[in-house]
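The structure under discussion appears below in the form of structure tokens.
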Amino acid sequence: MEILVAVLAFAGALLAAIATVALVRRIAEETEGWLVAWVVAAAALCVALGTVGVGYLVGFGTWTFKIYQLTGSFIAPLWLAIGLIQLLATKVPAKFAAWLFCIAFTVVGTVIFLLDPVLAPESMGKALPAASAHWSFAVPYLLVGVHAIAVLIMLGAMLVAGLRWRSGDDLDTDNLHATLVIAPSGIALVGALRFTVPGVFTTALLLVAAAAVWYCVLRPLAPYDDEEEESAIKDEQWDRPSTGRRAAPEPVAPAQPRRSGLGDLVAEYRGEAPQPNPFEAGPATGYIMANGADPLYGAPQTGPQHQTGSHSRPDYPMPTPMPTPAPPPMPVTGAMPATGVVYPGADLSYTPQPHQQAQAASSRPSPSIYGLLTVFTIMDGSGDVFDRLADETVEAVRRGEPDTLIYACHAVKSAPLQRIVYELYRDEVAYTDHQRQPHVERFVNERQMMVLATNVIELNVQAAKVVPLPTALF
């Protein structure tokens, strides 16, 4: 029987040591009062169980009896109870008062245990000695006091945790779970130490108390799953530091699109210098209405510049131009001032008059124009499929949406997994009509399996220069 109890005690000591190491690792990540208290309790249980195992193998003596009584009967119940106060208390003064009392009581009690003489140590054998038979006057009263305090604290902790759980959140549920594991095992341990029970049951209850601490470390008080997922995402694009169990995540700002080479239109809209060569901005597909209507200023143009080759729109009605006398050609003596839109087929040798330059310079886009800039981050390997889907969508928009002024899909040279769609509409009504088109619904549905993230930016056009895009020759 002694061998069986010794094996049980050593197994419990090993389990308590594992719980102590786990708690110390948790303290390195987050410093909490209940963690510190239960580290002391788990370490005391480890020493007590190890001492019990040695006593059952070689027999108990003065110091094995003192160490077992000090750690298992005095320190472990007291610090388990103080840990519950640190777990459930919400006021700093209450926690601080608990710390002062526990530390002072532990120091004074340890001195009393070490100095108080043990009665009849020669009568001890390989069975667990009874405390009442070997202590003198001081220690029994000290043990009565600490056991009464521990039991009252544990009963009160269960009551408080249950009341908070009824109207609390997930954290209160975790606290109730921990309290219902620690408090009953601690009360049972105190009962076994106070009353005469077989040594195997006392050893088993010491082991149960150590297992309760270990269980609370691994299960109900472990970090939440969502915090672990956030820490994994943090390496990619999020930054959400957390301190403590109730730490709130920092608000995450939406990712801003990179500079993507949208050509002169976006460059002038941002107040930046235009790209010197539009063909170096990366592959792009899109269309700009060039059927005789100025897409931004809303006024139909006249003259031969309406015939723009592949950009002509025979299905879009064009107003009959009024006959106006052609201005006399003038030689170009310097750089032509940029005063507006230059259309294919225009006479570049013609220099506008000063009043015409002022009128063109003062022109502004229609205030009803509605714009969007959408940045897509696509999955690796989906670029070709996404581009084909975008090409088909752009072609359908070009054929059937006269009020869509610009609809262009851009690739980004510095970010191969990004696509940017730039859209301009005559007004929000045109945008609403665009969203109802079957080809747009197909684009939205089929791209979902290829897109990881989407960022949409609404635009108000303030100034712009738009010319028909050059088309591929082959």
Side-chain angles (χ1 to χ4, degrees), residues 1-23 38-81 106 109-110 112-136 138-140 142-144 146-147 150-151 181-182 184-215 217:
M1 187 66 179
E2 290 82 2
I3 298 297
L4 178 61
V5 177
V7 171
L8 183 64
F10 285 129
L14 179 60
L15 182 63
I18 294 174
T20 304
V21 173
L23 282 167
W38 288 349
V39 162
V40 177
L45 290 170
C46 178
V47 174
L49 285 165
T51 304
V52 170
V54 172
Y56 269 92
L57 286 180
V58 300
F60 285 91
T62 299
W63 285 106
T64 52
F65 175 71
K66 281 189 173 183
I67 292 174
Y68 152 69
Q69 286 284 295
L70 175 64
T71 56
S73 185
F74 179 73
I75 294 179
L78 177 63
W79 285 84
L80 283 176
T106 301
T110 301
I112 294 175
F113 267 90
L114 295 178
L115 296 180
D116 200 42
V118 177
L119 303 177
E122 66 278 357
S123 63
M124 297 180 188
K126 292 186 178 181
L128 196 63
S132 59
H134 298 280
W135 286 117
S136 61
V139 173
L142 180 65
L143 290 177
V144 169
V146 72
H147 290 166
V151 170
V181 172
I182 293 292
S185 60
I187 294 174
L189 176 61
V190 170
L193 295 170
R194 292 302 311 161
F195 303 102
T196 303
V197 296
V200 62
F201 290 106
T202 303
T203 304
L205 288 174
L206 287 170
L207 188 151
V208 168
V213 175
W214 175 80
Y215 178 79
V217 173

Check: [Y] and [X] side chains under 4.5 Å, non-hydrogen atoms:
X: Leu78; Y: Thr106; result: yes
X: Phe113; Y: Thr71; result: no
X: Thr202; Y: Phe195; result: no
X: Val54; Y: Phe60; result: no
X: Leu207; Y: Leu45; result: no
X: Val118; Y: Lys66; result: yes
X: Val5; Y: Leu128; result: no
X: Leu143; Y: Arg194; result: yes

- Are Phe65 and Met124 close enough, and set up right, to give a side chain to side chain contact (heavy atoms under 4.5 Å, CB included), and what steps lead you there? CA-CA 9 Å; Phe65 175 71; Met124 297 180 188; 3.7 Å; yes

Looking at [X] and [Y], what are the two nearest heavy atoms and their distance?
X: Ser185; Y: Ala212; result: OG-CB, 3.6 Å
X: Leu193; Y: Gly72; result: CD1-O, 3.5 Å
X: Gly109; Y: Leu142; result: CA-CD2, 3.6 Å
X: Gly53; Y: Phe10; result: C-CZ, 3.6 Å
X: Asp116; Y: Trp135; result: OD2-CE3, 3.4 Å
X: Ala44; Y: Ile75; result: CB-CG2, 3.7 Å

How long is the span from the [atom1] atom in [X] to the [atom2] atom in [Y], to the nearest 0.5 Å?
X: Leu15; Y: Leu49; atom1: CG; atom2: CG; answer: 9.0 Å
X: Ile67; Y: Thr62; atom1: CD1; atom2: OG1; answer: 11.0 Å
X: Leu23; Y: Trp214; atom1: CG; atom2: CH2; answer: 12.0 Å

- Give a yes-or-no answer on whether the side chains of His147 and Ser73 include a donor-acceptor pair shorter than 3.5 Å. yes

- Query: Side chains of Trp38 and Thr20: is there a donor and an acceptor less than 3.5 Å apart?
  - Reply: no

- Audit row: Leu189, Val208, side chain to side chain contact (heavy atoms under 4.5 Å, CB included) steps and yes/no: CA-CA 9 Å; Leu189 176 61; Val208 168; over 6 Å; no

- Task: Could you walk me through whether Leu4 and Val200 pass side chain to side chain contact (heavy atoms under 4.5 Å, CB included), step by step?
- Result: CA-CA 9 Å; Leu4 178 61; Val200 62; 5.6 Å; no

